[in-house]
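Each chain gets a letter, A, B and so on, in the order the sequences are listed, and its residues count up from 1.
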Number of protein chains: 2
Amino acid sequence: MTEAAQTADVALDPRGISTRARILDSAEYLFSEHGVNGASLRTIVAHAGVNTAAINYHFGSKKGLLEAVFARRILPIAEERLKQLTACRDGDGRPPLLHQIISAFLEPGMRGRHGGATFARLRARMAADASDDTRALMAHYFDGSSTQFLEALAAALPDLPARDLHWRFHYLLGTMVYTMANPGRIQALTNNSCNPSDMDASLAYLVPYLAQCFQADPIPEAPLRFEPGHKTE
Amino acid sequence: MTEAAQTADVALDPRGISTRARILDSAEYLFSEHGVNGASLRTIVAHAGVNTAAINYHFGSKKGLLEAVFARRILPIAEERLKQLTACRDGDGRPPLLHQIISAFLEPGMRGRHGGATFARLRARMAADASDDTRALMAHYFDGSSTQFLEALAAALPDLPARDLHWRFHYLLGTMVYTMANPGRIQALTNNSCNPSDMDASLAYLVPYLAQCFQADPIPEAPLRFEPGHKTE
DNA sequence: AGCTTAATCAAACGCTTGTTTTAGTCAACT
DNA sequence: AGTTGACTAAAACAAGCGTTTGATTAAGCT
């Protein structure tokens with residue numbers, strides 16, 4: 001009552017928890033918008049409406065804050081990925097369908113439940129920003145997940161050589177990351193004929209498209225020579 | 001002669017040009033390795049072996065330096081892209097082959113002639129880092145180039161709806177950027193069965209693969225429903 | 001020769017960064 | 001009611017940032 005902040009706008013929450021959560025939300029947003037280096041702690045505390053020391057009190061350091069922001073979303077995402085993968089494995093026939101594997105890998109991170117487009121953009125930034133710390137952080141949280149999906153894909157595509165499978169999974173990651181990182185990129189290019197900031201629409205195209213790409217013929221080891229009479233299809 | 005730097009280790013170059021070029025080389029390397037924010041001007045001048053003020057003298061500001069680094073590579077790349085595109089247009093039949101268009105778009109930037117893997121990594125970082133300045137810089141240098149390739153692709157794929165073409169070109173960009181950004185990423189995942197840090201090997205797979213992806217059937221507007229009996233091929 | 005211009009240097013500028021300190025407030029428990 | 005401990009507030013910290021300064025040197029020109 002001595003100051004001015006005891007009116008009613010903080011009545012919603014018992015103070016402590018709210019502060020922590022507000023920092024996480026603001027940091028997630030500003031990290032994703034301006035990059036981890038580009039968003040200063042002062043910008044974050046100003047956006048969250050908390051004190052400068054709160055970040056170091058709750059998270060120890062900026063690095064600790066980033067890890068908390070990242071872990072809060074990525075753990076449920078990884079969990080749901082596996083849940084969806086095993087769910088469609090037990091479903092009808094034995095092997096999960098290609099669509100289902102790809103959807104199980106992409107959907108949890110791109111739809112709105114776990115941070116949505118904001119956290120997706122942060123993930124994409126971190127994938128490219130890639131300081132040593134960031135690289136270690138992502139490697140730590142992503143390690144097991146990818147191999148399980150690679151195995152599921154291999155089971156669904158028994159005729160595809162491992163070399164092709166690995167390249168195409170690598171390209172899947174690139175396509176996913178780029179789509180998450182660049183909302184509104186092709187809109188300018190194509191007069192709004194497609195809208196990648198709408199993750200639902202992105203997924204609706206991306207999943208069946210990637211399924212087709214995985215099903216395409218293997219690429220021969222020797223590079224193709226372009227002969228004059230060769231047709232495009 | 002009054003100081004110590006007049007011995008012989010700078011005898012290779014008439015001073016001025018060498019300083020500028022060394023700054024450009026060091027900046028390109030350090031920007032690509034640690035990001036634009038992550039590489040300080042002091043790190044760059046130390047790596048280049050020049051004075052702190054040299055950067056602002058030659059390039060005005062850090063932003064000016066980045067633009068100079070970028071322009072030095074991207075202009076010849078854009079030029080060679082168009083040269084390759086028109087070359088295969090005039091070649092045999094009328095429309096360039098799909099492989100040729102994709103190769104003309106990817107090859108100049110990924111092979112070694114224009115900065116090679118180092119500059120490729122920088123481009124990939126800038127594509128994701130995307131502060132307002134970086135975004136404006138890339139937009140300025142990439143504007144016209146992409147539309148010409150989109151038109152060539154449309155001519156080579158007359159049956160593909162524009163919507164599919166735009167999405168797939170967007171995915172091409174993502175695949176390219178991710179491959180340039182993450183050398184050595186899948187190696188750890190797949191026990192060295194593929195090596196994306198070798199841009200030649202990457203291109204040898206990427207070009208025919210992307211050609212197949214562009215030729216795949218259009219994706220229907222309405223999202224596919226996964227019916228129980230649906231097979232994966 | 002003398003004057004002018006371009007390039008380089010050491011040093012410092014003001015500012016922002018992440019982090020820490022010191023003091024204080026509030027809620028809860030015995 | 002009083003004490004404790006979780007938490008916040010405001011200010012300051014050292015370090016690093018991009019940038020600027022003013023002096024010094026080398027080269028070009030008439």
Side-chain angles (χ1 to χ4, degrees), chain A residues 1-24 26-27 30-31 34-69 129 131-134 137, chain B residues 1-24 26-27 30-31 34-69 129 131-134 137:
Chain A
M1 201 178 279
T2 58
E3 286 289 340
Q6 197 61 2
T7 55
D9 48 5
V10 286
L12 274 174
D13 301 86
R15 300 284 285 278
I17 298 174
S18 161
T19 296
R20 223 190 113 99
R22 271 195 305 223
I23 293 174
L24 283 175
S26 296
L30 292 167
F31 281 163
H34 305 105
V36 177
N37 273 333
S40 72
L41 293 184
R42 281 172 174 79
T43 313
I44 293 170
V45 297
H47 186 272
V50 301
N51 187 263
T52 314
I55 286 183
N56 291 281
Y57 179 81
H58 283 288
F59 306 99
S61 66
K62 189 179 188 181
K63 182 177 158 188
L65 170 61
L66 174 62
E67 177 154 0
V69 167
D129 208 64
S131 68
D132 291 342
D133 286 342
T134 308
L137 181 60
Chain B
M1 203 179 282
T2 58
E3 284 289 341
Q6 197 63 3
T7 55
D9 48 5
V10 286
L12 274 174
D13 301 87
R15 300 285 282 275
I17 298 174
S18 160
T19 296
R20 226 191 110 99
R22 270 196 306 223
I23 292 174
L24 282 175
S26 295
L30 291 166
F31 281 163
H34 304 105
V36 177
N37 274 332
S40 73
L41 294 185
R42 283 172 172 80
T43 313
I44 293 170
V45 297
H47 186 271
V50 302
N51 187 264
T52 313
I55 287 183
N56 290 281
Y57 177 80
H58 284 287
F59 305 100
S61 66
K62 189 179 188 180
K63 183 177 156 187
L65 171 61
L66 175 62
E67 178 154 1
V69 167
D129 209 66
S131 67
D132 291 342
D133 287 342
T134 308
L137 181 60

Side-chain N or O of B/Asn51 closer than 4.0 Å to phosphate OP1/OP2 of C/dA7: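 So the side-chain polar atoms of B/Asn51 never come under 4.0 Å of the phosphate oxygens OP1 or OP2 of C/dA7.
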
Presence of A/Thr52 side-chain N/O under 4.0 Å of D/dA11 phosphate oxygens OP1/OP2: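 Looking at the OP1 and OP2 atoms of D/dA11, neither is under 4.0 Å from any side-chain N or O of A/Thr52.
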
5' precedence on DNA chain D between B/Lys63 and A/Ala53 (nearest-nucleotide basis):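 Final value for this comparison: A/Ala53.
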
Residue pair A/Ile44 / A/Ser26: nearest heavy atoms and the distance that separates them: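 Between these two residues, the closest heavy atoms are O-CB, 3.9 Å.
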
Spacing between B/Phe59 atom CZ and C/dA6 atom C1', to the nearest angstrom: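 Distance, rounded to whole Å: 15 Å.
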
Separation of C/dA7 P from B/Ile55 CD1 (nearest whole Å):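 Answer to the nearest Å: 16 Å.
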
Sugar-phosphate, base or nothing in reach of A/Ser61, heavy atoms under 4.0 Å: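 Sugar-phosphate, backbone atoms only, no base.
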
Evaluation steps, side-chain contact (heavy atoms from CB on, under 4.5 Å), between A/Phe59 and A/Arg20: CA-CA 9 Å; A/Phe59 306 99; A/Arg20 223 190 113 99; 3.8 Å; yes

Options D/dT20, C/dT8, D/dG18, nucleotide nearest the side-chain atoms of B/Asn56: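 From the listed options, D/dT20 comes nearest.
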
Options D/dT19, C/dA6, C/dG18, nucleotide nearest the side-chain atoms of A/Leu41: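 Of the candidates, C/dG18 comes closest.
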
Pair of N/O donor and acceptor under 3.5 Å linking C/dG18 base with A/Arg42 side chain: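 In this structure, the two groups form a donor-acceptor pair.
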
Positive for side-chain contact (heavy atoms from CB on, under 4.5 Å) with A/Ile23, one of A/Leu41, A/Val69, A/Ile55, A/Val45: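 Exactly one candidate clears the test, A/Ile55.
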
